[in-house]
Amino acid sequence: MQHDEVIWQVIRHNHCSYMAKITTGIFCRNPYNVTGICNRSSCPLANSRYATIREDNGVFYLYMKTIERAHTPKDLWERVKLPRNYQQALEVIDKHLMRIRMRKLSLKTREKITTLPRKEVKREARREEKAEKAAVLEKSIEKELLVRLQNGLYPGDICNANFEAYKKVIDMVEKSQAVEEEDEMIEEEEAGPEYVEFEEEDDIEDFGAFAVHESQGNGSDDENDGSAEDDETEALNQRKAKRKMTLASKKLEKDTLDSKSKKAKVLIEVEHDDAVERQRAVL
Amino acid sequence: MAIGGKRKRNNDSDGEDNSSKRETRTETKEPFRPSMIKNKEKRSEIHAKLKHQKKLEKRAKSNARDAAVKRAIELGEEPPEKKVPKTIENTREVDETVCKPDDEELFAGNDADEFSSILKRQQSPKILITTCRFNSTRGPALISELLQVIPNAHYFKRGTYDLKKIVEYANKKDFTSLVVVHTNRREPNALLIIGLPEGPTAHFKLTNLVLRKDIKNHGVPTSHQPELVLNNFTTRLGHRVGRMIQSLFPQDPEFKGRRVVTFHNQRDFIFFRHHRYIFETKEIKKIESKGKNDEDGKSEKVPDHKTIARLQECGPRFTLKLKSLQHGTFDTKGGEYEWVHKPEMDTSRRRFFL
């Protein structure tokens, strides 16, 4: 049996007595080689189907290898005399090599060209258009996403699902932070903790106080946004700024408190105790 | 015969028979149609009249329906049932392979199929994208967008390699799927999805491709792993195709990215869309009826806020239609087909396979 692949492996990577390695490339000394170059496609030994043209005493012959006769090297190559006329010679070659060519062509993979009836194309396009309308794509996607949201597929912390709730939480954090800040203030300056209560009573008409409150809210918001690795300087700056703001707010409070009834004051003192307790809890 | 003939003649003279004959004549006579009139002016005039009449009838009908609903609400009765319009979807031809939600056979089949290792997250998908031999203009543009849509996808130039060789190569490099974009006349027209190593080969027709730059107000997707919406894949074949598509995407979407990729099947057309989304709360406007207490009460019950999802399309946008599903990897000669679309299958426009 002939195994072209095996023969080629041996020839190329092991030893071939016809091989001539010179600086310009690897060549072949086999007289049957068509190109004279040593490669897989022009190797007369490693190809079961092979044909070449050789000259013998001024006459050209077409040599064809018949692999079924490989066991008798004498009869391996079959030769056909080519006529002297070039055109006729080409015809003879074509006639004898037809089978080899056909095989080569049939081995090549090609795309198959199929018809595309215009009628069907049009029909499909029409139906597609209608199907798209029937699908109501955006709505159905939105619906599916909402179903997923209701099933709790989305992790709540990342998703913006409940923006209102998120805002509420932010506000809560702000408030508690404000309380803590206030507590610090008490320690440092022995100031009354009225401000906290004041914040909780939001229904004061004093616009100035409201503005201060808002600005402070923004400040603490910034703090929230800031990274967890809190730069001390920044924190100090913020604290200073807050101190200023709280002082301002206190002034405002005092003004408003003066105008306020006594009842409010009583309330404040009650809350004051509360605040102290809270402070203890914090401590 | 003669007697019979006589009889007939006798019968003809009878009055009753005559009337019956006249009736038959009126029956056989075609109903009046304006198209039978030869004078164009007259014809169009009568046609317009008929059309106007029809319109009036239709309006009267709908008015009557509305009045009935109103009356029912006033009386506190149940309003008459709304008629469901006949659509192609709800008059679909019965297909015995449509899967029920508790189809154990299907689940067992799913567990044993080629995609289960990916869908059970034992293996993460890795996709090779390539083209047909000749690729230009919109082909590369589509591929560059597909690369953004499908995470862990890699583009390889086709060169002159046989598809079987490419399948071999991809198997060696541990790819899980192979996607081939076919182009005809500088326009992508087919998509070949091959599951690897032994997965099925699906051949889709690709139409109506719109690239991102051609979509108005398009968004730019992030590199997060998208989540997947597969709608309406009902039959066995549909489930299989759906799972195949699912196996192209990672099974652990990053919800943080808020990206959604949709394959929506409608009447055997699979619509591909790619969106960014956001959930928002929206105030619902109270529908105030004209001084009717009942309805006011109803509208008060409805919560003022409602979450809605808003979408922004990122593109690309295209439609797929399954042409064939082949068992095993790509092999047009010796391959065994699970399903091939043939023209003789299109017996009815209400028959669907996915």
Side-chain angles (χ1 to χ4, degrees), chain A residues 5 41 103-170, chain B residues 87-89 132-134 160-165 182 184 189 205 207-208 227-232 253-258 260-262 264-275 277-281 305-313 317 319-321 323 332-333 343 346 349 352:
Chain A
E5 239 5 271
S41 62
R103 189 180 145 74
K104 201 170 184 186
L105 277 178
S106 66
L107 276 180
K108 198 178 172 188
T109 48
R110 288 175 175 245
E111 284 109 4
K112 192 180 160 197
I113 296 172
T114 54
T115 55
L116 207 62
R118 171 172 283 267
K119 196 173 156 193
E120 278 175 29
V121 172
K122 274 181 158 180
R123 188 205 293 148
E124 297 253 294
R126 208 162 49 223
R127 289 194 179 165
E128 184 188 327
E129 202 182 320
K130 287 180 182 172
E132 190 177 349
K133 272 176 198 160
V136 208
L137 283 164
E138 297 231 327
K139 279 245 172 90
S140 57
I141 296 169
E142 281 173 11
K143 221 165 99 198
E144 174 69 29
L145 288 173
L146 284 176
V147 167
R148 285 183 184 184
L149 178 69
Q150 279 158 12
N151 291 346
L153 184 71
Y154 301 110
D157 54 333
I158 298 161
C159 214
N160 65 337
N162 217 335
F163 194 64
E164 293 298 316
Y166 172 77
K167 261 188 178 173
K168 264 181 202 168
V169 170
I170 290 279
Chain B
T87 60
I88 290 190
E89 280 78 19
C132 58
R133 288 226 173 112
F134 307 104
T160 55
Y161 292 106
D162 282 350
L163 208 51
K164 282 182 190 173
K165 286 271 163 68
H182 279 282
N184 182 28
N189 72 334
K205 187 182 80 171
T207 46
N208 274 355
E227 59 182 299
L228 211 56
V229 174
L230 296 169
N231 275 348
N232 289 350
E254 293 173 319
F255 297 115
K256 194 164 59 172
R258 304 204 308 272
V260 59
V261 171
T262 314
H264 182 104
N265 172 33
Q266 192 90 25
R267 304 179 189 174
D268 278 359
F269 292 99
I270 302 169
F271 295 99
F272 172 91
R273 295 288 185 275
H274 179 204
H275 287 98
Y277 64 85
I278 195 163
F279 289 115
E280 275 183 356
T281 49
H305 293 277
K306 169 177 113 172
T307 22
I308 54 156
R310 285 204 303 125
L311 297 176
Q312 185 186 29
E313 192 161 355
R317 167 203 298 180
T319 314
L320 300 174
K321 188 157 199 277
K323 290 267 144 193
T332 42
K333 274 181 191 151
D346 296 331
R349 63 172 66 191
F352 304 116

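Labels below follow one simple rule: chain letters A, B, ... track the order of the sequence lines, proteins then strands, and each chain is numbered from 1. The analysis underlying the following values was restricted to heavy atoms, covering all of them including side chains, and did not include hydrogens, waters or symmetry mates. No experiment lies behind these values; they were computed from the predicted model shown.
With respect to B/Arg273, the salt bridge (charged side-chain N to carboxylate O under 4.0 Å, His left out) criterion is satisfied by exactly one of A/Glu138, A/Glu142, A/Glu132: A/Glu132.
Among all heavy-atom pairs drawn from B/Pro343 and A/Glu120, the shortest one is CB-OE2, 4.4 Å. Taking all atoms of both residues into account, the shortest heavy-atom contact from B/Glu89 to A/Ala134 is OE2-CB, 3.9 Å.
Interatomic distance, B/His274 NE2 to A/Ile141 CD1, rounded to the nearest 0.5 Å: 10.5 Å. With values rounded to the nearest 0.5 angstrom, B/Thr262 atom OG1 is found 9.0 Å from A/Glu144 atom CD. The CD atom of A/Glu128 sits 9.5 Å away from atom CG of B/Leu320, with the distance rounded to the nearest 0.5 Å.
In this structure, A/Arg127 and B/Arg267 have side chains that are not in contact, with every pair of non-hydrogen atoms separated by 4.5 Å or more.
Contact of B/Ile308 with chain A is made through the backbone alone, with heavy-atom distances under 4.5 Å. For A/Lys130, the parts lying near chain B are the backbone and the side chain together; criterion is any non-hydrogen pair under 4.5 Å. Heavy-atom distances place the side chain of A/Arg148, and not its backbone, under 4.5 Å from chain B. Residue A/Leu137 touches chain B through its side chain alone, counting heavy-atom pairs closer than 4.5 Å. Residue contact with chain A, scored on non-hydrogen atoms closer than 4.5 Å, involves the side chain of B/Val260 exclusively.
Counting non-hydrogen atoms of other residues, nucleotides and ligands closer than 6.0 Å to CZ of A/Arg123 gives a total above 12. Around CZ of B/Arg133, the count of heavy atoms belonging to other residues, nucleotides or ligands within 6.0 Å exceeds 12.
In this structure, A/Tyr154 and B/Phe255 have perpendicular ring planes: the angle between them is above 60°, well past the 30° mark.
Between B/Lys205 and A/Glu124 a salt bridge is recorded (basic side-chain N to carboxylate O distance below 4.0 Å).
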(message) Between B/Thr307 and A/Gln150, is the side chain to side chain contact (heavy atoms under 4.5 Å, CB included) condition met? List the steps.
(response) CA-CA 10 Å; B/Thr307 22; A/Gln150 279 158 12; 5.5 Å; no
